[in-house]
Amino acid sequence: MDKFFDRELSALEFNGRVLAEGMDPSNPLLERLKFVGIVSGNMDEFFMVRVASLKASGEPLEPILKKAQELLEKRNEYFLKTMVPELEAGGFVRLRPESCNPQQLAFLDNYFHKEILPVLTPIAMGSDRALPVLANLRLHFVAGLVDPRQRTGRQYAVVEIPPKIFPRMVFLPTEKWYPFVLIEDLIAAYAAELFPGYEIAEKGVMRLTRGAELTFDEEKDEDFMRIMTEALRERRTGDIVRLEVSAEEPWSRALRDMFSVAPGEVVVNPSWIDLKTISQIALQPGFESLKRAAWEPRVVPEFDRADDLWELLRGKNVLVFHPYESFDAVTRLLDTAADDPDVLAIKQTLYRTDSDSPILRALERAAEKGKRVTAVIELKARFDEENNIEWARRLTIAGATVLYGVAGMKTHAKACLIVRRERDGIRRYIHLSTGNYNAKTARLYSDVGIFTTDDAIANDVSAFFNMITGYSQPATWAKIEVAPYGLRRRLLRMIRRETLRSSPDNPGLIRAKMNSLADADLIEALYQASNAGVRIELNVRGICRLRPGVKHLSENIRVVSIVDQFLEHSRIFHFHNGGEEEVYLSSADWMPRNLDRRLELLFPAEDAESKKRLIEALDLYFRDNTKAWALQADGRWERIDAGKSKRIRAQEVLCERAITSEDILMKAMPRELKPQRPRPTPEAKKP
């Protein structure tokens with residue numbers, strides 16, 4: 001038996017768990033549709049990144065493509081047989097143009113001729129001309145054409161359906177329900193106008209997926225923004241790794257041959273290609289009976305009470321748990337710093353952020369006011385490159401110093417340092433987080449951040465910024481740890497310390513929550529700890545290469561995974577350490593890419609209140625019997641069933657705790673100062 005599960009198959013297993021959430025009848029219809037859309041987007045990225053990488057390296061793809069195909073077929077079958085009838089019952093009805101009434105046909109005819117037809121460009125596909133470069137993940141209408149003058153052979157043409165110009169679903173005028181026509185159906189209905197003089201013998205829809213990895217030499221070009229911009233252009237012509245077609249017909253076989261796509265890379269999708277865009281139905285206003293009640297993040301009590309943030313943070317550390325508590329605490333700190341004349345400098349890492357980011361607007365304003373703003377922007381954050389390039393330009397114009405980290409590594413650490421002049425001298429205010437400085441995803445992802453003025457951490461974070469912006473060598477850290485310079489070594493040391501301190505009378509305990517676990521060195525160390533009697537509990541959202549529950553290897557290791565309303569994104573590590581408990585937070589997963597090829601941070605939660613909250617959160621994550629799955633020794637993931645036990649859903653309890661904390665704050669606040677806000681419950685309302 002192999003000690004390690006396959007990385008790619010484990011990634012597909014994760015998407016299987018997400019799909020299971022989309023198929024769970026206890027979830028409202030539009031909530032399930034969102035999960036189906038998430039699986040579709042994840043699988044697009046899986047092909048663009050993982051399949052493309054394996055294909056380029058010549059590694060065997062058959063088992064992975066087979067597993068991926070099975071997952072996509074399961075998704076398609078569920079969508080067509082279960083979700084489509086439920087959507088129709090809820091009022092969302094897909095109509096074909098030929099089944100529309102006269103009023104609807106008049107609307108479609110006007111819309112097509114005035115809005116759509118002028119934009120469309122038919123592209124011939126044939127041996128007598130160069131093969132066009134079709135854009136990645138763009139829907140194309142396909143026509144098989146016959147020249148009535150010749151009646152021999154068949155020619156093919158495609159028409160790109162521009163994604164940002166037209167909505168995928170064209171909603172029709174009606175007094176009831178919400179009927180719509182898909183844009184590809186509308187183009188198919190009027191296809192004869194695109195090919196006058198030809199008979200249309202075949203119609204279909206296709207989509208290509210291209211490899212998305214960027215290749216460039218960071219060491220040779222000083223204008224990194226320019227080289228990234230050029231690399232993004234080259235991504236559009238990446239190697240084809242998947243061809244999706246709406247049917248197995250002569251036109252699809254012809255396209256397969258034209259693009260030299262292997263049979264195993266062709267996905268026949270008789271449902272609706274690109275369910276990620278279809279899932280946007282779930283964002284339609286209204287339809288509350290078909291949705292889960294929206295969660296509104298609660299105020300951070302300490303921040304809401306504080307008239308003076310600087311005074312608050314000088315006095316204590318503050319831990320914030322998103323999305324249960326509001327990201328407004330972070331944006332308020334940056335807004336306050338931008339407008340405070342005593343703030344001298346702000347240093348900030350940025351990996352993924354919103355297109356209209358309040359964090360970046362604050363940094364822009366601070367730079368315009370003459371503060372020393374240094375932004376370390378990761379231009380290589382996959383699929384966020386263009387947004388980051390635009391913000392880099394804006395901050396540069398505002399007067400900020402914009403840097404792109406260390407050549408050859410992504411800056412994935414999440415850190416903010418504010419330098420302020422005070423009566424007793426210079427003081428540094430620090431914010432460190434497991435998640436991105438992104439106000440939108442902070443409402444959807446579960447992450448943890450800490451505000452502190454601890455001198456040792458401030459010294460470490462200052463040295464960290466100096467290391468990535470200048471020529472200084474990696475420092476010896478007092479409290480934090482940094483990848484790729486020492487984080488793996490630090491984690492191995494703590495696991496081995498737990499192994500050595502473990503005894504039958506006082507067994508060790510390691511609990512770790514992360515997105516992915518794939519690093520062989522750390523897995524081997526966990527196996528050794530298990531054999532020494534250390535109890536190990538792992539909460540791994542996605543990829544897990546560790547095989548738990550094997551006698552004489554990992555019998556003391558338990559692995560669970562939670563898939564729920566919010567994306568589990570925090571990294572929390574707890575070591576019993578002979579009773580002298582240590583708790584850490586990190587931006588890094590336990591994967592080679594995080595530990596070897598990225599700049600990452602590990603930082604401690606040292607004050608008693610923060611440690612208590614994090615340990616209690618871990619308790620919840622490992623007691624969840626509603627949205628949790630357990631990994632078996634044979635690689636199967638089994639849903640944990642509460643049975644007759646009390647039902648525990650970790651995210652629901654964390655929502656309730658946030659409401660309770662806010663209630664305590666509201667009771668202590670004068671009535672005239674109390675904000676008026678809705679009080680949705682975290683539990684789903686059944687349709």
Side-chain angles (χ1 to χ4, degrees), residues 295-340 343 346-354 356-363 365-366 413-418 420 427-454 457-458 461 566 569-570 572 585 587 601 603 605-607 609-614 617 654-655 657-666 668-669 673-675 677:
W295 168 251
E296 186 65 28
R298 307 332 253 185
V299 298
V300 178
E302 295 91 339
F303 273 68
D304 216 57
R305 293 191 196 102
D307 294 324
D308 185 338
L309 281 188
W310 311 120
E311 182 181 1
L312 165 68
L313 297 177
R314 283 195 299 270
K316 63 176 297 186
N317 294 343
V318 179
L319 182 141
V320 181
F321 211 146
H322 310 299
Y324 313 104
E325 295 172 314
S326 175
F327 191 74
D328 289 350
V330 181
T331 58
R332 181 181 169 188
L333 177 68
L334 268 296
D335 280 333
T336 302
D339 298 327
D340 188 335
V343 169
I346 305 172
K347 299 184 180 184
Q348 176 87 52
T349 63
L350 295 162
Y351 190 72
R352 299 189 193 277
T353 189
D354 346 18
D356 185 29
S357 167
I359 297 295
L360 283 156
R361 289 201 307 270
L363 294 175
R365 191 168 73 253
K414 329 297 184 186
C416 175
L417 181 152
I418 297 169
R420 188 172 187 264
R427 189 180 299 273
R428 292 164 296 186
Y429 294 81
I430 308 295
H431 176 261
L432 302 172
S433 180
T434 67
N436 294 305
Y437 288 96
N438 188 315
K440 290 182 179 177
T441 58
R443 300 174 68 90
L444 305 171
Y445 293 10
S446 173
D447 274 303
V448 185
I450 285 182
F451 299 86
T452 185
T453 56
D454 179 273
I457 291 179
V461 174
F566 307 125
H569 192 255
S570 58
I572 309 170
L585 299 168
S587 61
L601 285 177
F603 50 97
E606 294 183 305
D607 62 282
E609 182 180 347
S610 295
K611 287 173 70 171
K612 180 174 181 291
R613 287 187 65 192
L614 291 170
L654 290 167
C655 286
R657 288 179 180 175
I659 291 173
T660 301
S661 296
E662 185 182 65
D663 285 345
I664 294 171
L665 168 66
M666 292 299 110
M669 184 179 289
L673 298 180
K674 293 180 180 179
R677 66 181 66 192

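One-based numbering along the sequence shown.
To the nearest 0.5 Å, atom CG of residue L444 and atom CH2 of residue W295 are 13.5 Å apart. Taking CG of L614 as the start and CD1 of I450 as the end, the distance is 6.5 Å to the nearest 0.5 Å. The distance from the CG atom of L585 to the CG atom of L432 is 9.0 Å, given to the nearest 0.5 Å. Between the CZ atom in R352 and the NZ atom in K414 there is a gap of 8.0 Å [rounded to 0.5 Å]. One finds the CD1 atom of I457 at 6.5 Å from the CG atom of N317 (value rounded to the nearest 0.5 Å). In this structure, CG on L360 lies 11.5 Å from OH on Y437, to the nearest 0.5 angstrom.
Taking both residues in full, the closest heavy atoms of L417 and A458 are given as CD1-O, 4.3 Å, listed atom of the first, atom of the second, then distance. In terms of heavy atoms, A337 sits closest to V343 at O-CB, 3.5 Å. Across every non-hydrogen atom of F303 and V318, the tightest pair is CE1-CG1, 3.8 Å. Here the closest non-hydrogen pair linking D304 and R332 is N-NH1, 4.4 Å. In terms of heavy-atom proximity, P323 sits nearest to Y445 at CD-O, 3.2 Å. Here the closest non-hydrogen pair linking I346 and A366 is CD1-CB, 3.9 Å.
For the side chain to side chain contact (heavy atoms under 4.5 Å, CB included) with F451, the lone residue among V300, L312, V330 that qualifies is V330.
At distances below 3.5 Å, at least one donor-acceptor pair connects side-chain atoms of T349 with backbone N or O atoms of A413. Remark: the backbone N or O of Y351 is not paired with any side-chain donor or acceptor of N436 at under 3.5 angstrom. A donor-acceptor pair is defined here as one N or O able to donate and one able to accept, closer than 3.5 Å; no such pair exists between the side chain of R427 and the backbone of T453. Here the side chain of N438 pairs a donor or acceptor atom with the backbone of K440 at under 3.5 angstrom.
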Check the pair I359, T331 against side chain to side chain contact (heavy atoms under 4.5 Å, CB included), reporting the backbone distance first and the verdict last. CA-CA 6 Å; I359 297 295; T331 58; 3.8 Å; yes
Chi angles and distances behind the side chain to side chain contact (heavy atoms under 4.5 Å, CB included) call for L334, Q348: CA-CA 10 Å; L334 268 296; Q348 176 87 52; 3.9 Å; yes
Between R420 and Y429, is a side chain to side chain contact (heavy atoms under 4.5 Å, CB included) present by the stated rule, with each step listed? CA-CA 8 Å; R420 188 172 187 264; Y429 294 81; 4.1 Å; yes
I'd like to know whether L313 forms a side chain to side chain contact (heavy atoms under 4.5 Å, CB included) with L333, so could you lay out the CA-CA distance, the side-chain angles of the two residues, the decisive distance to 0.1 Å, and finally the verdict. CA-CA 10 Å; L313 297 177; L333 177 68; 4.0 Å; yes
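Partners of F327 according to the ring-ring contact (aromatic ring centres under 6.0 Å, His included) rule, which considers only residues two or more places apart in sequence or in another chain, are H322. Listed by chain and residue number, nothing satisfies the ring-ring contact (aromatic ring centres under 6.0 Å, His included) test with F603 (two or more places apart in sequence, or in another chain).
Contact check for E609 versus K316: side-chain heavy atoms found under the 4.5 Å cut-off. Contact of the T434 side chain with the S587 side chain is not registered, since no non-hydrogen atoms from C-beta on lie closer than 4.5 Å. Side-chain contact between L350 and L363 is present, with heavy atoms from C-beta onward closer than 4.5 Å. A 4.5 Å side-chain heavy-atom check between H569 and T441 finds every atom pair outside the cut-off.
Taking a cutoff of 4.0 Å between a charged side-chain nitrogen and a carboxylate oxygen, R361 and D335 do not qualify as a salt bridge.
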